[in-house]
Amino acid sequence: MKASNLLLKTLRDIPSDAENISHRLLLRAGYVQQVAAGIFSLLPIGNRSIFKIREIIRDEMNLSGCAEVNMPVIQPKELWEESGRAETFFPPLANFKDKRERTLVIAPTHEETATAMIRSFVSSYRDLPVTIYQIQTKFRDETRPRGGLLRVREFEMKDAYSFDVDEKGLDKSFETMLKTYKRIFSKCGLEMVIVDADSGGIGGKESKEFVLIADSGDDTILISPDESYAANLEKAEFIKTDYSEDKILDKEIIETKNINTIEKLSDFCKIPKNKIAKSVIYNSDGEIIIAVIRADYDVNETKLRNILGSKDLRIASSEEVINAGFIPGYASPIDRTSIKSVIDDSIEIGSNYTAGANKEHFHFKNVNYPRDFRSEIVGDIAEAKEGFLSPNNSGKLIAKKGIEVGHIFKLGYTYSEIMGADFTDKTGETRPILMGCYGIGIGRLLAAAIEANHDENGINLPASISPFTVNLIGINLEEKKVNDKCEKIYDLLSKNHIDVLFDNRDLPPGVKFKDSDLVGFPIRIIISKKNFQETNIEIKSRNDSNSSYISESKLVDFINNLIQ
RNA sequence: CGGGGCGUGGCGCAGCUCGGUAGCGCGUUGCACUGGGGGUGCAGAGGUCACAGGUUCAAAUCCUGUCGCCCCGACCA
């Protein structure tokens, strides 16, 4: 390919409010153009990178025995009504009406479509297992797109769906995808951390995220010092410190005038926070519930949501708190048996707590569980933080920011049951199919790769996903001899299937060098009057400040050697 | 959805307080020079100042509203 045909145009200046490094570089290097908030065009250069990423993914998915399909972006709303997600999906499904007034949705993901496909074509255990995948555009009307390609509204995703007869089969499919993803990311030159994740609104149980550690990421993960444990914030567990005392004291009421926060209470009573039982009141699908946790910890709302099985969980408004009979600042589950409560298990490994007396200006001292209050639900609802003990006992957790590029889930029966995707097993019985789903954000992968691979001169992608492998720079192409030699090398490399860009633009050498580093070509070949007498070809890699000189006959091998 | 900011030639910005000739850098066009890290000179082209309404003799500038975009937060299969 020749640069003159490529719309290759880099920018010196980009808007000062584009903060994110990958966003800035994607714009500057001419990879993308923004069309609207969270909606981008890929320019020729960027499109080539994306193409290479797709091909790596395809190769690896196919190698793992997955079948590529293509499901529609535009779908009837009825499909989503079947699964119940027409109303519950967040952000709400983008939709429009066709000329017959039928509502069509723009798909944000394809669990329903995939399930419906399999439902029609799988009837026997003999048809299973099967994993289908596609690389397809999705649309999610994010409330706030951000960070260039990191969080967009229209995006391309590789999504795969596995279908199995039993748990063992699902485990195997999941494991296959785990390995496939490792190979994909490694081929893209990315070092990913695999973390335990919450499976969230999509349903299902086990789930893992592939996260690239980067400060610009919006995912928080917690890692043990030996890196054997890693989980994202929603999921992360930790070993809770035991503060229980042998001697259980009698409960007594104390006056705490205007002491209505944990901080004030801790100061006023001169007790550490781990001696306070904190009560947080939530609205869970319309029901007021009270969550009780030791005050040295905070409630993890994802864990609370999961333990309650609630769809919509939020902190109760002060009005709701009062209507439920609580006094803000003095609430507790004591003597409030009509209100559902959830107790964090930290409460069990402590004793003689101070807690609200449900009476203004009063608290109870020496409150103990289960003597003074009870709950049917006791479990882990605490949020892990940096410095807390890793659950595998290998020291203190470390918090890091990261970009979630891939996510794999065991869905279980969530979609197959509700949508009637069944098969007949060996004994002739009808059973629902076990599903898994597996996603990789394509554009986000590119952005993440740039976050991880850049320097002060620009993008420095690995050859596997760089727009071109070789940038052939001719200096002063008006010199016929220089131009002829460029054409000759260009032919040589092209014929040998080396992905070469011939920068044939009539520009000063400085501009071409700057562009070469900015766009991030891994290898540069320079032809000029200066090195013309030299029989060997001048070649320089992006990461090396010095050039090498290689004979034409060895050039192809040399390059292939460099990029593998 | 809450908070903050911005909208002025293709791109990046100044001008707005204090109303009166629309400016700078980059890019771009032509010519010449130059040719190993965003080169030099000369000469050009290019803007209903986001949109709508209002105030005024006069609005990029003041007022009201709308739209768009960015950043922080909430949210994020």
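Just so we're on the same page: letters track the sequence lines, and every chain starts at 1. Predicted, not measured: the structure shown is a model, and the values here were computed from it. These numbers come from the heavy atoms of this one structure, side chains and all, not from hydrogens, waters or symmetry mates.
Using a 4.0 Å heavy-atom cutoff across all strands shown, A36(A) reaches sugar-phosphate atoms only and no base atom. Within 4.0 Å of R524(A), counting heavy atoms only, lies at least one base atom of the nucleic acid. Within 4.0 Å of G147(A), counting heavy atoms only, lie sugar-phosphate atoms of the nucleic acid but no base atom. Among the protein residues, E538(A) comes within range of the nucleic acid bases, having at least one heavy atom under 4.0 Å from a base atom. The residue D515(A) sits close to a base: some heavy atom pair falls under 4.0 Å.
Nucleotide G41(B): paired with C31(B) (Watson-Crick or G-U wobble, both distances less than 3.5 Å). Remark: G47(B) base-pairs with no nucleotide in the shown strands. Criterion, Watson-Crick or G-U wobble with two distances under 3.5 Å. Under the Watson-Crick and G-U wobble criteria, each requiring two contacts below 3.5 Å, nucleotide C75(B) is left unpaired. Base-pair partner of G68(B): C6(B) (Watson-Crick or G-U wobble, both distances under 3.5 Å). Across all strands shown, A22(B) has no partner, as no Watson-Crick or G-U wobble contact with both distances under 3.5 Å is found. When Watson-Crick and G-U wobble pairs are counted only if both distances are under 3.5 Å, U17(B) pairs with no nucleotide at all. The partner of U56(B), taking Watson-Crick or G-U wobble pairs whose two distances both stay under 3.5 Å, does not exist in any strand shown.
Looking only at distances, a side-chain donor or acceptor of S173(A) sits under 3.5 Å from a matching main-chain atom of G169(A).
Side chains of N95(A) and T103(A): no donor on one and acceptor on the other come within 3.5 Å. Using modelled atom types, one finds a donor on one side chain and an acceptor on the other under 3.5 Å when comparing S22(A) with E451(A).
One N or O donor and one acceptor, one from the side chain of R151(A) and one from the base of C76(B), sit under 3.5 Å apart.
Side chain of Q34(A), nearest nucleotide from C71(B), C70(B), G37(B): C70(B). Which of G36(B), C75(B), C71(B) sits closest to the side chain of E301(A) comes down to C75(B).
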Q. Hey, mind stepping through V482(A) and I475(A) against side chain to side chain contact (heavy atoms under 4.5 Å, CB included) and telling me if it holds?
A. CA-CA 7 Å; V482(A) 172; I475(A) 294 174; 5.7 Å; no

Q.
Using side chain to side chain contact (heavy atoms under 4.5 Å, CB included), reason through L93(A) and K77(A) one step at a time and then give a plain yes or no.
A. CA-CA 9 Å; L93(A) 297 174; K77(A) 193 182 180 196; 5.5 Å; no

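For D215(A) and K401(A), the salt-bridge test fails: no basic side-chain N is under 4.0 Å from an acidic carboxylate O.
Below 30°, between 30° and 60°, or above 60°: for F502(A) and Y490(A) the angle between ring planes is between 30° and 60°, a tilted geometry. Using bins of under 30°, 30° to 60° and over 60° for the plane-to-plane angle, the ring pair F185(A)/Y181(A) lands in the perpendicular bin.
Residues passing the side chain to side chain contact (heavy atoms under 4.5 Å, CB included) test with S466(A), sequence neighbours excluded: L461(A), P522(A).
Between G20(B) and A60(B), the two C1' atoms lie 13 Å apart (nearest whole Å). Annotation: G47(B) and A14(B) have their C1' atoms spaced 15 Å apart (nearest Å). Nucleotides G9(B) and C1(B) are separated by 37 Å at their C1' atoms, to the nearest Å. Using atom C1' as the reference point in both G19(B) and C57(B), the two lie 12 Å apart (nearest Å). Between A50(B) and C6(B), the two C1' atoms lie 11 Å apart (nearest whole Å). Look at the C1' atom in both U56(B) and U64(B): the space between them is 16 Å, to the nearest Å. Taking atom P on both C24(B) and G41(B), the two are 16 Å apart, rounded to the nearest angstrom. For the P atoms, the distance linking U48(B) with U8(B) amounts to 13 Å, nearest Å.
As rounded to whole Å, 17 Å separates atom P of G37(B) from atom CZ of R542(A). Atoms CG (D215(A)) and P (C72(B)) sit 13 Å apart, rounded to a whole Å. Regarding E19(A), its CD atom lies at a distance of 18 Å from the P atom of C69(B), rounded to whole Å. Taking atom CG on N531(A) and atom C1' on G36(B), their separation rounds to 9 Å, with Å as the unit. Rounding to whole angstrom units, CG of residue N232(A) and P of C75(B) are separated by 14 Å. For the pair I21(A) CD1 and C71(B) C1', the computed distance is 16 Å after rounding to whole Å. R146(A) places its CZ atom 8 Å from the C1' atom of G73(B), with the value rounded to the nearest Å. Atom NZ of K514(A) and atom C1' of G27(B) are 18 Å apart (whole Å).
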Nucleotides 1-11 of chain B: which of its N/O atoms have a protein N/O under 3.5 Å away?
from	atom 1	to	atom 2	distance (Å)
C11(B)	O2'	D13(A)	O	3.3

Short heteroatom pairs, N/O only, protein and nucleotides 29-35 of chain B, under 3.5 Å:
from	atom 1	to	atom 2	distance (Å)
G35(B)	N2	L507(A)	O	3.0

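Between P145(A) and E404(A), the residue whose closest nucleotide on RNA chain B is further toward the 5' end is P145(A).
Both the sub-6.0 Å distance and the 45° axial angle are satisfied by R48(A) relative to the ring of F468(A).
At C13(B), one or more side-chain N or O atoms of S16(A) fall inside 4.0 Å of OP1 or OP2 (strictly under the cut-off).
Counting heavy atoms from C-beta outward, K138(A) and H110(A) have side chains that approach closer than 4.5 Å.
Other residues, nucleotides and ligands place no more than 12 heavy atoms under 6.0 Å from the CD atom of E319(A).
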